[in-house]
Amino acid sequence: MADIMTPEALKGLIRTVPDFPQPGIQFRDITTLIGDPQGMAASVHHLAEIARAAGAQKIAGMEARGFIFGAAVAVALGIGFIPVRKPGKLPITTIGVDYALEYGTDRLEMDPGAVSEGENVVIVDDLIATGGTATATAQLLRMAGAKVERALFVIDLPDLGGADALRGAGVQVEALMQFDGD
Ligand code: AMP
């Protein structure tokens with residue numbers, strides 16, 4: 001690729017939608033980024049370079065937007081992709097982790113055979129907010145035997161503390177861009 005868009009330029013492709021899905025939430029919409037061919041390619045390029053330097057042997061992405069970036073990064077690196085799914089989607093016996101939401105709980109599941117013992121799995125998702133999803137994903141991958149030392153995001157909302165929480169769980173966190181506020 002000749003001129004790869006910088007992370008700063010990529011930030012200009014994110015659409016901010018106020019009060020979605022609830023009043024007070026600034027929704028950071030990646031559909032405008034992935035709809036731009038150079039934006040999509042550059043996002044994947046930057047994430048893949050970090051994952052390569054981290055020695056990724058597999059990429060794990062969370063349903064649903066983590067599939068978009070995670071699968072593309074896995075292809076860019078020529079390694080496998082692990083879908084971390086919402087409950088009841090996989091056609092096999094799964095392992096799962098329940099985690100707290102602001103109201104209630106949620107659950108993530110994966111194929112326990114998707115990882116070899118000690119395999120270096122890098123997590124990729126579109127955005128980290130409170131970090132609940134990513135922390136549960138790290139826990140789940142570790143249950144399956146993975147080494148989880150790195151998680152990559154297109155967007156970090158640092159004011160929500162998710163990246164710090166994930167670092168507290170022993171995972172290095174990198175994001176292509178940050179937005180202040182929530
Ligand atoms: P969390 O578990 O709080 O880190 O939330 C992570 C997931 O929620 C991400 O995968 C995002 O897809 C979604 N999400 C949370 N907050 C936002 C936001 N302000 N804009 C867009 N997506 C969000």
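For the single chain, residues carry numbers from 1 onward in sequence order. From a predicted model like this one, the values you see are computed outputs, not experimental measurements. In each ligand, atom 1 is the first atom listed, and ligand 1 is the first ligand listed.
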* Structure fact -> The option among M62, R65, E63 carrying the non-hydrogen atom nearest to atom 13 (C) of ligand 1 is R65
* Asked: Does an N or O anywhere in A134 fall below 3.5 Å from an N or O of ligand 1?
  -> no
* To do: Flag atom 8 (O) of ligand 1 as yes if some protein heavy-atom distance to it falls below 4.0 Å, otherwise no.
  => no
* Trace of the salt bridge (charged side-chain N to carboxylate O under 4.0 Å, His left out) decision for K11 with E8 -> CA-CA 5 Å; K11 193 172 175 181; E8 197 185 354; over 6 Å; no
* **Region of I155 that comes within reach of ligand 1 [heavy atoms, distance under 4.0 Å]** => neither
* To do: Look at atom 20 (N) of ligand 1 and say which protein heavy atom is nearest, naming residue and atom and giving the distance to 0.1 Å.
  => R28 N, 2.9 Å
* Among protein heavy atoms, which lies nearest atom 3 (O) of ligand 1, and at what distance? -> T130 OG1, 2.5 Å
* Look at atom 21 (C) of ligand 1 and find which of F153, F179, F27, Y99 reaches it with the closest heavy atom. => F27
* Would a hydrophobic clustering, with Ile, Leu, Val, Met, Phe, Trp and Tyr connected at side-chain separations under 4.5 Å, put L127 with L101? -> no
* To do: Kindly write out the residues that satisfy salt bridge (Lys or Arg N to Asp or Glu O under 4.0 Å) with R142, not counting sequence neighbours, or none if the list is empty.
  => none
* In terms of atom number and element, which parts of ligand 1 are under 4.0 angstrom from non-hydrogen atoms of D126? -> 9 (C), 10 (O), 11 (C), 12 (O)
* To do: Enumerate the atoms of ligand 1 whose separation from the nearest heavy atom of D125 is less than 4.0 angstrom.
  => 10 (O)
* Asked: Which heavy atom of I128 sits nearest a heavy atom of A134, and at what distance?
  -> CD1-CB, 4.2 Å
* Taking N or O atoms only and a 3.5 Å limit, does I25 qualify as a polar contact for ligand 1? -> no
* Could you give me the CA-CA distance, side-chain angles and deciding distance for R85 and E109, then say whether salt bridge (charged side-chain N to carboxylate O under 4.0 Å, His left out) is met? => CA-CA 5 Å; R85 300 224 57 178; E109 295 179 346; over 6 Å; no
* Asked: Which of these passes side-chain contact (heavy atoms from CB on, under 4.5 Å) with S43: I4, I30, L33?
  -> L33
* Asked: Is G131 near ligand 1, meaning one of its heavy atoms is under 4.0 Å from it?
  -> yes
* To do: Start with the C-alpha gap between R150 and E174, add the side-chain angles, then the distance that decides, and say whether salt bridge (charged side-chain N to carboxylate O under 4.0 Å, His left out) holds.
  => CA-CA 8 Å; R150 190 77 69 125; E174 291 184 61; 2.3 Å; yes
* Any heavy atom of L160 sitting closer than 4.0 Å to ligand 1? -> no
* **Electrostatic pair K86-E63, nearest N-O below 4.0 angstrom** => no
* **With R65, the salt bridge (Lys or Arg N to Asp or Glu O under 4.0 Å) member among D126, D125, D29** => D126
* Structure fact -> To atom 17 (C) of ligand 1, the nearest of I30, L127, T133 on a heavy-atom basis is L127
* **Protein contact to atom 19 (N) of ligand 1 [nearest heavy atom, distance to 0.1 Å]** => Q26 O, 3.0 Å
* **Cluster link M143 to I123, ILVMFWY, side chain under 4.5 Å** => yes
* **Per-atom contacts of ligand 1 with L157, taking only distances under 4.0 Å to non-hydrogen atoms** => 19 (N)
